[in-house]
Amino acid sequence: MDATILIIDDEPQIREMLRLMLHDFGYLTYGASTGQEGLSMAMAFHPDIVLLDMGLPDMTGTEVLKHIRRESAVPVIMLTVHDGEQEKVAALDHGADDYVTKPFGTDELMARVRVALRHRRELPEEAAIHAGPLVVDLDRHSVERHGEAVHLTPIEYELLRVLALNLGRVVTHTQLLHQAWRDASYENDGHYLRIYIGHLRKKIEADPARPQFIITEPGVGYRLVDPDAQ
Amino acid sequence: MRKFGRRLSVPSATSQTPKWRVLRPHWTAWADVRSVQKNGGLGGYAWTTGLVALTTLLLWLPRQLFEPVNIALLYLLPVLWSAVRWGLWTSFYAAVLGVMAFDYFFVLPIFSYAVSDLRYLLSFAVFLIVGALTAGLTSSLQHQAQDAHRRETVMMSLYDLSRHIAAVKNIDEVVEAVVRHVSETMGVAVWVALPDSAGRMAPTDHAARSAGPWNPDVLQWVFQHGEPVGFGQRHEPELLYIPLKTEETVHGVMCLGEYGQGGRFDEERRHTLAALAGLAAVSVARVRYEEAARQAQLMAESERLHTALLDSLSHELRTPLTAMMGAVDHLADGQQTLSAESRRDLLATVRDGVMRLNRLITNLLGMVRLESGMLRLNRQACDASDLVGVVLRQLQEVLKNHPVSVSLPDNLGPVMVDEVLFEQALVNVVSNAAKYSLEGSPIEVVFTAMAPVLQIAVRDQGVGINPKEAAKLFEKFYRSPQTQHIPGTGLGLAICQGIVQAHGGRVYAAPNSPTGTVITIEIPWTPVA
């Protein structure tokens with residue numbers, strides 16, 4: 001498949017580990033150790049994906065991201081440390097596609113890379129989105145689970161549609177609110193979002209306390225996943 | 001007594017130029033002698049004359065009834081009286097006057113002095129002796145009374161000051177109390193200077209606010225030599241520097257008076273001052289030593305904590321590293337010989353080690369953030385089932401051998417918490433429940449709404465706790481003696497408590513029945529109307 005991936009991280013150990021891992025999965029990689037270097041390589045090589053460390057020595061991750069976004073729509077996956085949900089949300093709202101938290105496993109990183117590549121290649125024109133046994137039919141505005149129809153209110157459907165369009169990818173609270181309600185703000189309406197996600201889970205999850213489809217990313221947002229692909 | 005001109009700003013105008021003088025103790029002796037002497041002044045002599053005249057007048061009419069000896073005796077009265085009232089010289093004067101009046105008016109021939117009257121010289125001598133003795137006695141009595149009074153003043157003053165500074169814990173308050181009290185007692189401006197850590201005299205806050213009249217060099221000299229210094233006249237200085245001295249240590253310097261403002265310090269005031277300065281010095285020393293002791297105790301405590309932390313940390317960090325290192329080396333060495341199964345086991349060991357290190361680092365960072373006061377809550381309306389869902393998902397690996405049941409009331413409504421932090425608190429409690437119980441034993445998470453609080457109880461059927469150590473579990477680095485064999489840092493529950501308290505809630509532990517532990521988190525909660 002020969003997709004190219006640009007790794008921007010100041011730690012040689014991490015770059016080397018990522019290079020080995022991604023090579024084994026058949027990707028071509030470039031490495032950059034500073035934000036500046038990363039930016040020029042992004043302009044020169046037009047990678048298919050950028051893995052961007054948030055803690056670079058010369059610029060903040062968000063600055064690098066903004067510079068990249070001025071030139072290109074290449075998917076950017078942020079590499080972050082555990083704390084700093086605000087930073088993650090800011091980066092996502094500035095156009096990052098997703099993030100992985102250090103330390104991350106191969107499965108997690110590869111899942112993110114695959115999702116990012118798919119979203120880069122496919123335009124969301126398909127009539128239905130499949131997340132394992134869950135099917136969201138965008139044409140008929142209907143939802144099925146294990147072949148049975150699930151009845152959703154318009155807002156619940158709208159939320160699920162936004163999540164499904166970003167299947168496998170995190171959607172921040174703000175993004176969800178803006179797309180589902182248009183004129184809402186997270187500060188004022190965040191709790192409605194939680195209530196509707198709760199309703200949605202009751203309808204589509206087998207056990208709402210152990211969700212399989214709609215995963216909470218604490219402090220960041222939600223992610224619709226395909227349980228069979230995990 | 002030398003008086004000194006008021007205009008200190010032009011000292012050359014007088015022959016007595018004001019000088020800095022080191023105040024030596026012999027001054028005291030001189031002053032004591034001076035204070036014994038007293039003088040009734042001309043008034044005393046006038047009164048004495050009057051008294052003798054009165055005695056003569058009173059005795060004149062009934063002079064036929066008395067023997068001359070009796071009359072002579074009665075002339076002792078003015079002598080005694082003037083000795084008591086006006087002292088030695090006045091009583092001598094009364095004796096002379098009395099003998100002369102007696103001789104002139106009562107000894108035959110009256111209204112004249114005769115040679116034969118010389119026999120009354122004996123009476124005169126007796127008069128003189130009585131006068132001198134009485135004056136001496138009276139003077140010493142009065143002196144004693146004065147001394148007693150002065151001592152009382154000093155004692156009162158000391159008592160007042162000691163009462164004010166007995167309970168004071170901090171050095172600034174001691175200085176303030178001393179300054180206020182001494183300036184009230186002495187009626188002059190007072191400043192106190194304390195040495196900084198380098199031994200240089202630095203004005204305290206109180207003094208810095210109103211720049212003192214002191215000369216910094218003199219201040220330093222007094223501090224170094226521990227001797228009082230005065231400025232002005234030898235016996236009546238108007239500016240004093242008094243070292244606050246205990247035994248051999250000088251703790252500071254007190255400065256009194258102001259250039260050109262009078263405020264002279266006579267012997268009595270200097271006595272009082274010396275006593276006050278002594279007390280002030282003791283108080284300053286006491287507070288200083290208390291501070292030093294507190295510092296030392298804090299140091300010891302923090303050293304103990306650091307040692308505990310380092311021991312526990314090095315163990316906790318090295319154990320997974322050792323396991324990982326061994327597993328990796330074994331994998332590298334036995335690439336050809338290892339069975340697929342042992343390879344999988346070794347890799348699982350490495351992965352477990354990584355997860356354990358990651359949890360440890362998360363907790364350490366959490367503790368640092370709690371302790372540094374940088375914890376800022378980002379409270380939001382959260383969904384309780386969502387919180388539990390995230391916790392259970394995060395602990396998938398840990399909980400794979402423990403059936404977990406969650407009981408949640410319907411329509412609980414939103415819970416106002418910081419999502420990420422509160423989840424960390426829950427993760428710590430639930431992972432503890434798994435860690436301290438046997439594989440396969442169940443864990444229950446029970447939400448109970450009891451407005452105005454929401455209770456979250458995590459029940460396990462593990463090793464349980466001793467009720468006596470229930471509170472200690474939440475102390476930083478505390479490890480129960482009965483679970484020393486299970487690896488841990490004693491940070492998890494401390495962090496949990498820090499987070500829950502930041503939410504205005506509390507967390508406590510109790511034994512579960514029949515076995516195990518219940519950890520209950522309580523946070524403020526309002527039901528939705």
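Letters A, B, ... are given to chains in the order of the sequence lines, protein chains preceding strands, and every chain is numbered from 1.
- By the 30° and 60° cut-offs, the orientation of the rings of A:His141 relative to A:Tyr157 is parallel.
- Within the 4.5 angstrom heavy-atom criterion, atoms from both the backbone and the side chain of B:Val404 approach chain A.
- Chain A forms the most heavy-atom pairs under 4.5 Å with one residue out of B:Asp383, B:Asp418, B:Leu392, B:Val388, and that residue is B:Leu392.
- At a threshold of 4.5 Å between non-hydrogen side-chain atoms, the residues A:Leu138 and A:Ile129 count as touching.
- Within the 3.5 Å criterion, the main-chain N or O of A:Gly31 finds no donor-acceptor partner in the side chain of A:Arg15.
- For a residue to count as touching a neighbouring chain, one of its non-hydrogen atoms must lie under 4.5 Å from one of that chain's; by this rule A:Ile215 touches chain B with the side chain only.
- Looking at A:Lys102 and A:Asp9, a side-chain N of the basic residue comes within less than 4.0 Å of a carboxylate O on the acidic one, giving a salt bridge.
- Top candidate by heavy-atom pairs under 4.5 Å with chain A, chosen from B:Asp386, B:Val391, B:Asn378, is B:Asp386.
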